[in-house]
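Presented below is the structure to which this report refers.
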Amino acid sequence: MPFSLDTLNPPQRDAVTYSGDAHCLILAGAGSGKTRVLTHRIAWLIGQGVEPSAILAITFTNKAAAEMRERALALVQEHAEGLKLSTFHAFGARFLRHFATYAQLEPSFTIYGESEQKSLIKKVMTEMGLIGGESSELLESESKKSSTVVNEYMYTIMGWKEAGMSVETAHSEAKSRESQSIANVYEMYEKQLLANNAVDFAGLLLWPLHILKYYENVRARIQAKYRHILVDEFQDTNSVQLDLLGLLCGPSTQLTVVGDDDQSIYTWRGADPTAILEFSKRFGACEVFKLEQNYRSTQPILTCAGNLIACNEKRAEKRLWTSQEGGEKVHVVSYASDWDEAADVISQVIARHRNMRIPWQNIAVLYRKNSQSVSFERECSHNAVPYQVLGGTGFYEREEIVDLMAYLRVMVNPADMVAFRRIINKPARGIGEKTCDKLVELVRKKADFGKNPAEALLGLLADVVEGRCKIPRAGAKLVTGCQQLLALFERCEDWRNRAPRDTLLDILDETHFYDHLKKVTAKKGQEYDDAQERIQSLIQELDAHQAKSPNDLPGFLEDMSLIRPEADETRHAVNLMTIHSAKGLEFDLVYIVGAADGILPLERGGTCDIEEERRLMYVAMTRAKYVLTISYPEMSHEYGRQMVQTPSRFLDEMVRKGEESAIDRTDNGSAAQYTSPVPKLAWSRPQEREKPKEERRYFEDGGESLLSRAKKRSQAQNDFEADPVYEEASIDIRSDRDEGNAFVSPEVANIAGESTVAISKNGRPIGVGTRVQHKVHGRGVVVQIEKSGNDYKAMVAFRKAGIRTIIARFLEVF
DNA sequence: AAATCTCATTTTTTT
DNA sequence: AATGAGATTT
């Protein structure tokens, strides 16, 4: 056996080596080593002679899949050929590419995300006369905005699909006039999806389910293929996924599922926290293994988290324990406002990073909703703290990126009229809504006539160019526009055999995209350079994919729709994310912010699933290894309005009555006198860090202290193993400690407070530690700033060019 | 069809 | 506060 079972505790070992005929159900508390158990079980199975290709492991996120692959690979070395590891959705996509014809799809189908779904549903509703026209009863009677109605319809339909409801069932169960109308839209929407050769997220699960259900040959093949299916985060599997799992399992397939009902945070997506407890009802006999020893968090953190989750009624009773003793108390801090909260949390982050040498990437700020991130982002950038925001609206929702992706999608899937509508008039080709409808209608006609989608599209464009079709008010502009598109498609015809980046470059060139971009950004008052840079990043993404899988544009598009940018722990940056996206991760330091009633637990429209919110809080708390800080503002800004907040009820629940020993409260609220920006911490001052006793007590971590690990890490950084930019930044920040100041260097403090600020080319403040970009020298970090006449001179350490002095307004902040 | 202006809304969480 | 959809004008 190439790996050892000695590193496992007895229950873990039992679960890993279970060899009976029943299924294997592992109830694994937070931090109890479930990933370790899963990877070891995979390795163990392979060691027992199971073919890797007969193993399918399903995780909740792509990142978890990647991590699992890496760790399993380390255990089994080269014996992993053919091992399948993916999310439900990625599995569905791959399955569907393979069996596309069973769903009347081409293997080149497009995956629609939320925005594409929305525009398709909107289109359908317009065509059905539900919105847009004068006779739209919906709007008249209810006096609603059409966008609101579209949203309502969309969310209902998605909800139905997520619950596995077919069009037929939707029709038969529709009672009210409205749900009948929605069912009609649902039916049309499904037809349109097929016509576009597209599948939405729900479809990635529903189609495979359908195929497995009705085609026995496929089912037999698949069931024979997978002898072992392992499912991670089982508590978050929804009913469609359970059905799918049921069909993937043949009579001789063994299931291994791992989960924790206390960490179920996706009931809003159809998951049922009790499903894991009723596993055997559905899948038959199972052997149950319980992992209750926590290896992650200190005692106070576990105590508080345990007290909190014990308030839930619907749960299997269990208690996590740890052999670790001691540990810093859980901090509970109040602030006068959310802005104060952000400022102080970030200054604490800086202090901890400096004094405890905690690497940035081991620190996380967790919040309930994405909109809470802004104040923390601002504080980070003002204080030169490297950070990354996970989730939220990001890169792939930027207009120019979506547009370019739409071009690529039309190449791959010419039937995708949602993408076609997006690109047809970008850049402006004199084609408006009406003309566009007409064009799409004509393409469809050709397609119905038996032409393949590519022929239909190109044929139509040719018809327009040669005046062979009648389009009302067709002007010369339209003809030139279609000519241009035609030329582009011909030029890119060979996309299958080329690097996707070259296809993209052709698109950029042929459409004069940068000219268009210049106009658009100028109109909207956005930075043209930023947009340009984002396109460069897209090209980099294409190159990265090319290295993994050459000339695979469809694969790239699939990855882009399925994979969200996830936490990159190799980046030396503080992590800002929602609690949901923190699932499965761990950090040395965790700050849970905005712990006010109404935000966490979140309440909307007077409703609130308190047990789910409590589980969410539990998940957040158990992410922390060493220090957990929970804070709330007494007032917060929402939609520009100020809202008075009250502390979260969870703060009381996590402390047993008469027992306050696990927490440490600090009041920085409006009533409190402002004393010190940082609550008294044992090691907040450098001198005090010299007490070895205290240090050891808090840093003990399986023989290797956090401190020594941190030292090693910063050693590694000095060797330029990682991004040198961050390294330079942190060296610099450390150096100003000698100036006797607490946490913020004078220059940076100046930026935060005063109006005399060095301003970059893109209008952002520059301080010591700011990461900047220069046209000639590339990226670097500001190490010093001084005034020179009306300008500021910045000394910048560039990655390649070394230290140079540059006038601040020629630098860009990135 | 394109440009400009006004006003209303906003997601809670993710594949 | 910021963004986007609708109405209005050119």
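Lettering of chains follows the sequences in order, A, B, ..., and the numbering in each one begins at 1.
Ring-plane geometry between A:W268 and A:Y266 is classed as tilted, the angle between the planes lying from 30 to 60 degrees on a 0 to 90 degree scale. A:F201 and A:H89 have perpendicular rings, their planes meeting at more than 60° on a 0 to 90° scale where under 30° would count as parallel.
With the nearest nucleotide of DNA chain B identified for both A:E613 and A:T61, A:E613 has the one nearer the 5' end.
For A:S371, no side-chain nitrogen or oxygen approaches OP1 or OP2 of B:dT10 to under 4.0 Å. A sub-4.0 Å separation between OP1 or OP2 of B:dT14 and a side-chain N or O of A:N62 is absent. The phosphate of B:dT14 (OP1 or OP2) has a side-chain N or O of A:T578 nearer than 4.0 angstrom. In this model, the phosphate group of B:dA2 is approached by a side-chain N or O of A:N425 to a distance below 4.0 Å at OP1 or OP2.
Between A:H89 atom NE2 and B:dT14 atom P the separation is 13 Å, expressed in whole Å. One atom, CD of A:E638, and another, P of B:dT9, lie 17 Å apart when rounded to the nearest Å. Atom CD in A:Q117 sits about 16 Å away from atom P in B:dT14, given to the nearest Å. B:dT10 atom P lies 13 Å from atom NZ of A:K369, rounded to whole Å. In this structure, the CZ atom of A:F60 is 9 Å from the P atom of B:dT14, given to the nearest Å. A:Q241 has its CD atom 16 Å from the P atom of B:dT14, to the nearest Å. Atom pair A:L562:CG and B:dT14:P shows a separation of 16 Å (rounding to whole Å applied). Atom CD1 in A:I58 sits roughly 21 Å away from atom P in B:dT14 (whole-Å rounding).
With salt bridges taken as basic N to acidic carboxylate O contacts below 4.0 Å, one links A:E233 and A:K34. Remark: A:K161 engages A:E190 in a salt bridge, criterion side-chain N to carboxylate O under 4.0 Å. Ion pair A:E653/A:R614 flagged as a salt bridge, since at least one NZ, NE, NH1 or NH2 atom sits closer than 4.0 Å to an Asp/Glu carboxylate oxygen. Under 4.0 Å is where a charged nitrogen must lie from a carboxylate oxygen, and between A:D261 and A:R615 no such pair does.
If you check every strand for non-hydrogen atoms under 4.0 Å, A:S561 touches nothing. Heavy atoms of A:F88 sit nowhere under 4.0 angstrom from any nucleic acid atom.
Scanning DNA chain C 5' to 3' for nucleotides with an atom closer than 4.0 angstrom to a non-hydrogen atom of chain A gives a first and last hit of C:dA1 to C:dG6.
Seen from the ring of A:F60, A:K583 counts as a face-on cation partner, given the 6.0 Å and 45° thresholds.
Atom CD of A:E638 has more than 12 neighbouring heavy atoms from other residues, nucleotides or ligands inside a 6.0 Å radius.
Under a 3.5 Å cut-off, the side chain of A:R649 and the backbone N or O of A:A596 do not form any donor-acceptor pair.
In this structure, A:Y639 does not count as stacked on the base of B:dT9 under the 5.5 Å centre distance and 30° plane angle limits.
A:T59 is linked by a side-chain hydrogen bond (donor to acceptor under 3.5 Å, both in side chains) to nothing, counting only residues two or more places apart in sequence or in another chain.
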Legend entry - Nucleotide-level pairing of DNA chain B, given in dot-bracket where Watson-Crick and G-U pairs need both distances under 3.5 Å and | marks other strands: ||||||||||.....
